[in-house]
A.B. asks: 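Take this structure, written in structure tokens, and hold onto it; I'll ask about it next.
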Amino acid sequence: MGKALTFDIVAKCSCTKARASLMTLPHGVVETPMFMPVATQASLKGLTPEQLESLGCRICLNNTYHLGLKPGKEVLDTVGGAHKLQSWPYNILTDSGGFQMVSLLKLATITEEGVRFLSPHDGSPMLLTPEHSIELQNSIGSDIIMQLDDVVHTLTTGPRVEEAMRRSIRWLDRCIAANKNPDRQNLFAIIQGGLDLNLRAECCREMAARDTPGIAVGGLSGGEAKNEFCKVVNHCTDILPRTKPIYCMGVGYAEDMLVSVALGVDLFDCVYPTRTARFGNAITYKGVLNLRNNCYKTDHGPVEDGCRCPICTPVAEGGMGITRSYIYHLAAKETVGAHLLTLHNVYFQLDLMRQARAAIIDDVFPKFVTAFFSNLYDGDTSKYPAWAVDALRTVNIDLLATV
């Protein structure tokens, strides 16, 4: 397995578990660490494929559940897959659809066979099996496909957590057998086990033994305490093979991503940067700015000083030169406001990972992380989140050390 993916480690941080790599997929090279924007229905809300490409994005996510409902497998087969459907020449990762079955739909029942649920269109009974999930992803033609896993809420305890973990292992075997295109579609396993480190460890060993091209850590970002999140991620990356890409699913806050990079994660995804843009929020290195607030009504500066995204870059330098006051004017009533902020926010996410990668290559990643937190909290260490301080200490970064 793994012929459709190569993972070459370019540099390793001498202090943490962070690494910079080149992940080569059928539709091009992805430089990691990398944030993957979420184009749920084969469209990143507010951006054209050309705009997404111009930001430097080389891999995005599509949603198997939504594309399976519309346009549907028949249309995908006819048009030749999701790349052609959305005119996207680069890589695509698709989820399995299992998370949506459990989180979005009522009366979902999970059995060994699969997930039974009621159609959101006509209420008719439906069944998503590991085989059907892979069949849909084969039709989508994504470069990375995810196994169907048994998803439980992060805070679930008791025997259901172990049941879901062991079923996910069995379902991976069925997904491997069902994948018709292993030469061009890379199946990733998903680690489950809740917040139980022993279950996570067992799942890591079992999934690694299946030798899939990459492995994801799933079942997090569901409301658990951040320190628990970090413990699980750190534990998993200690056990998983370091020769394969590690993907932490559903993670998109800047602090979370940087800490996770330090803990050894390569790939991230989240709807956060696009969703928060629709509420007038700009992600910056000083935190999130709600540009609907009156204080920005007469603020004629860029959304973020020094940002090289298309909207912050001055007109004289080839950008749009958009001001905070203009976004304030648009945010509550015009869709173009969300469009402009989406450009900025997605650029921010991609650029944060580009800067982290450069710092790893130059072997100054701890300094980069320390500077990031100092800038975010104006040097006030008393405001640093304890979970981040504690997690980074496990990989030899002391945010509170006297400079």
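These figures come from a predicted structure and were not determined experimentally.
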A.B. asks: In Å, rounded to the nearest 0.5 Å, how long is the span from CE of Met34 to SG of Cys57?
C.D. replies: 7.0 Å
A.B. asks: Could you measure the distance from the CD atom of Glu206 to the CG atom of Asp173? Nearest 0.5 Å is fine.
C.D. replies: 9.0 Å
A.B. asks: Would you mind listing every side chain to side chain donor-acceptor pair (under 3.5 Å) that reaches into residues 383-399, with sequence neighbours excluded?
C.D. replies: Asn234-Thr394
A.B. asks: Side chains of Ser325 and His300: is there a donor and an acceptor less than 3.5 Å apart?
C.D. replies: yes
A.B. asks: Search all heavy atoms of Leu258 against all heavy atoms of Phe368 and return the closest pair with its distance.
C.D. replies: CD2-CE2, 3.8 Å
A.B. asks: Give the ring-plane orientation class for His344 versus Phe348, where under 30° counts as parallel, over 60° as perpendicular and anything between as tilted.
C.D. replies: tilted
A.B. asks: Quick one: side chain to side chain donor-acceptor pair (under 3.5 Å) pairs with a partner in residues 270-280, sequence neighbours left out?
C.D. replies: Thr276-Asn281
A.B. asks: Pair Asp363, Ser14 - check side chain to side chain donor-acceptor pair (under 3.5 Å), show working.
C.D. replies: CA-CA 7 Å; Asp363 204 13; Ser14 61; 2.9 Å; yes
A.B. asks: Kindly determine whether Thr64 and Ser96 satisfy side chain to side chain contact (heavy atoms under 4.5 Å, CB included), including the steps that lead there.
C.D. replies: CA-CA 6 Å; Thr64 297; Ser96 65; 5.8 Å; no
A.B. asks: For Pro302, check side-chain contact (heavy atoms from CB on, under 4.5 Å) against everything at least two apart and list the hits.
C.D. replies: Asp305, Cys312
A.B. asks: List in chain and number order the residues that pass side chain to side chain donor-acceptor pair (under 3.5 Å) with Lys244, two or more places apart in sequence or in another chain; answer none if no residue qualifies.
C.D. replies: Asp211
A.B. asks: Asn198 vs Glu202, test: side chain to side chain donor-acceptor pair (under 3.5 Å). Steps then yes/no.
C.D. replies: CA-CA 6 Å; Asn198 291 327; Glu202 182 178 354; over 6 Å; no
A.B. asks: State, without any angle test, whether His339 and Glu334 hold a side-chain donor-acceptor pair at a distance under 3.5 Å.
C.D. replies: no
A.B. asks: Rounded to the nearest 0.5 Å, what separation is found between the SG atom of Cys204 and the CD1 atom of Ile191?
C.D. replies: 4.0 Å
A.B. asks: Would you kindly check if the NZ (Lys) or CZ (Arg) of Arg58 is within the cone defined by 45 degrees around the ring axis of Tyr90 and under 6.0 Å from the six-membered ring centre?
C.D. replies: yes
A.B. asks: Judged by modelled atom types alone, do Ser142 and Gln137 share a side-chain donor-acceptor pair under 3.5 Å?
C.D. replies: no
A.B. asks: Among pairs that include at least one residue of residues 13-31, which meet salt bridge (Lys or Arg N to Asp or Glu O under 4.0 Å), considering only residues two or more places apart or in two chains?
C.D. replies: Lys17-Asp238, Arg19-Asp266, Glu31-Arg357
A.B. asks: Is there side-chain contact between Met320 and Pro310, with at least one heavy-atom pair below 4.5 Å?
C.D. replies: yes
A.B. asks: I'd like to know if the side chain of Thr381 reaches the main chain of Leu400, judged simply by a donor and an acceptor atom lying under 3.5 Å from each other, with no hydrogens or angles considered.
C.D. replies: no
A.B. asks: Taking the side chain as every heavy atom from C-beta outward, state whether Leu392 and Val259 have any pair of such atoms under 4.5 Å apart.
C.D. replies: yes
A.B. asks: Any non-hydrogen side-chain atom of Val217 less than 4.5 Å from a side-chain atom of Val265?
C.D. replies: no
A.B. asks: Grab the two heavy atoms, one from Val232 and one from Gly194, that are nearest each other, plus how far apart they are.
C.D. replies: CG2-O, 4.0 Å
A.B. asks: Could you go step by step and tell me if Asn293 and Tyr328 meet the side chain to side chain donor-acceptor pair (under 3.5 Å) rule?
C.D. replies: CA-CA 7 Å; Asn293 289 341; Tyr328 168 84; over 6 Å; no
A.B. asks: In chain order, what residues pass the side chain to side chain donor-acceptor pair (under 3.5 Å) check against Glu112, with sequence neighbours excluded?
C.D. replies: Arg167, Arg170
A.B. asks: Looking only at side-chain N and O atoms, does Gln185 offer a donor or acceptor that is under 3.5 Å from a partner on Asn138?
C.D. replies: yes
A.B. asks: Any heavy-atom pair between the side chains of Ile327 and Tyr296 that's under 4.5 Å?
C.D. replies: no
A.B. asks: Can you tell me how far CG of Asn179 sits from CD of Gln147, rounded to the nearest 0.5 angstrom?
C.D. replies: 12.5 Å
A.B. asks: Between Ile190 and Met146, is a side chain to side chain contact (heavy atoms under 4.5 Å, CB included) present by the stated rule, with each step listed?
C.D. replies: CA-CA 7 Å; Ile190 302 177; Met146 304 304 298; 3.6 Å; yes
A.B. asks: Above 12 or not: heavy atoms from other molecules or residues under 6.0 Å from NZ of Lys226?
C.D. replies: yes
A.B. asks: Residues two or more places apart in sequence or in another chain: which of them pass side-chain contact (heavy atoms from CB on, under 4.5 Å) with Ala201?
C.D. replies: Arg205, His235, Ile239
A.B. asks: Cys15 and Pro366: which non-hydrogen atoms are nearest, and at how many Å?
C.D. replies: CB-CG, 3.7 Å
A.B. asks: Could you give the distance from CZ (Phe268) to OH (Tyr247), rounded to the nearest 0.5 Å?
C.D. replies: 11.0 Å
A.B. asks: Side chain to side chain contact (heavy atoms under 4.5 Å, CB included) for Asn186 and Met23? Distances and angles first, verdict last.
C.D. replies: CA-CA 12 Å; Asn186 300 281; Met23 181 174 67; over 6 Å; no
A.B. asks: With a 4.5 Å cut-off on side-chain heavy atoms, are Val115 and Thr109 touching?
C.D. replies: no
A.B. asks: Can you confirm whether the side chains of Asn345 and Gln349 place a donor and an acceptor under 3.5 Å from each other?
C.D. replies: no
A.B. asks: Which is it for Leu5 and Phe188 under the side chain to side chain contact (heavy atoms under 4.5 Å, CB included) test, yes or no, and what are the steps along the way?
C.D. replies: CA-CA 11 Å; Leu5 182 153; Phe188 277 31; 3.9 Å; yes
A.B. asks: Please, which pairs that meet ring-ring contact (aromatic ring centres under 6.0 Å, His included) have at least one residue in residues 132-158, sequence neighbours excluded?
C.D. replies: none
A.B. asks: Just so I know, are the side chains of Val10 and Asp8 near enough to count as touching, which here means a heavy-atom distance under 4.5 Å?
C.D. replies: no
A.B. asks: Can you sort out the partners of Ser139 under side-chain contact (heavy atoms from CB on, under 4.5 Å), two or more places apart, ordered by chain and number?
C.D. replies: Lys73, Leu76, Asp77
A.B. asks: Excluding sequence neighbours, so at least two apart, what forms side chain to side chain donor-acceptor pair (under 3.5 Å) with His27?
C.D. replies: His83, Asp143
A.B. asks: State, with a plain yes or no, whether a side-chain heavy atom of Tyr65 is found less than 4.5 Å away from one of Leu128.
C.D. replies: no
A.B. asks: In Å and rounded to the nearest 0.5 Å, what is the CD1 to CG distance from Ile145 to Asp95?
C.D. replies: 11.5 Å
A.B. asks: Please tell me if the side chains of Arg174 and Thr129 come closer than 4.5 Å, counting only heavy atoms from C-beta onward.
C.D. replies: yes
A.B. asks: Which atoms form the tightest heavy-atom contact between Ile59 and Trp88, and what is the distance?
C.D. replies: N-CZ2, 4.3 Å
A.B. asks: Between Cys13 and Ile360, what is the shortest heavy-atom contact and its length?
C.D. replies: N-CG2, 3.9 Å
A.B. asks: Cation-pi check, Arg354 to Tyr347: give yes when NZ or CZ is under 6.0 Å from the six-membered ring centre and within 45° of the ring axis, no otherwise.
C.D. replies: yes
A.B. asks: Do Asn62 and Gln86 get their side chains close enough for a donor-acceptor pair, meaning under 3.5 Å?
C.D. replies: yes
A.B. asks: Once side chain to side chain donor-acceptor pair (under 3.5 Å) is applied, do any residues pair with Asp378, and if so which ones, sequence neighbours excluded?
C.D. replies: Lys286
A.B. asks: Listed by chain and number, what are the salt bridge (Lys or Arg N to Asp or Glu O under 4.0 Å) partners of Glu228, not counting sequence neighbours?
C.D. replies: Lys231
A.B. asks: If every non-hydrogen atom of Glu113 is compared with every non-hydrogen atom of Leu127, which pair is closest and at what distance?
C.D. replies: OE2-CD2, 3.3 Å
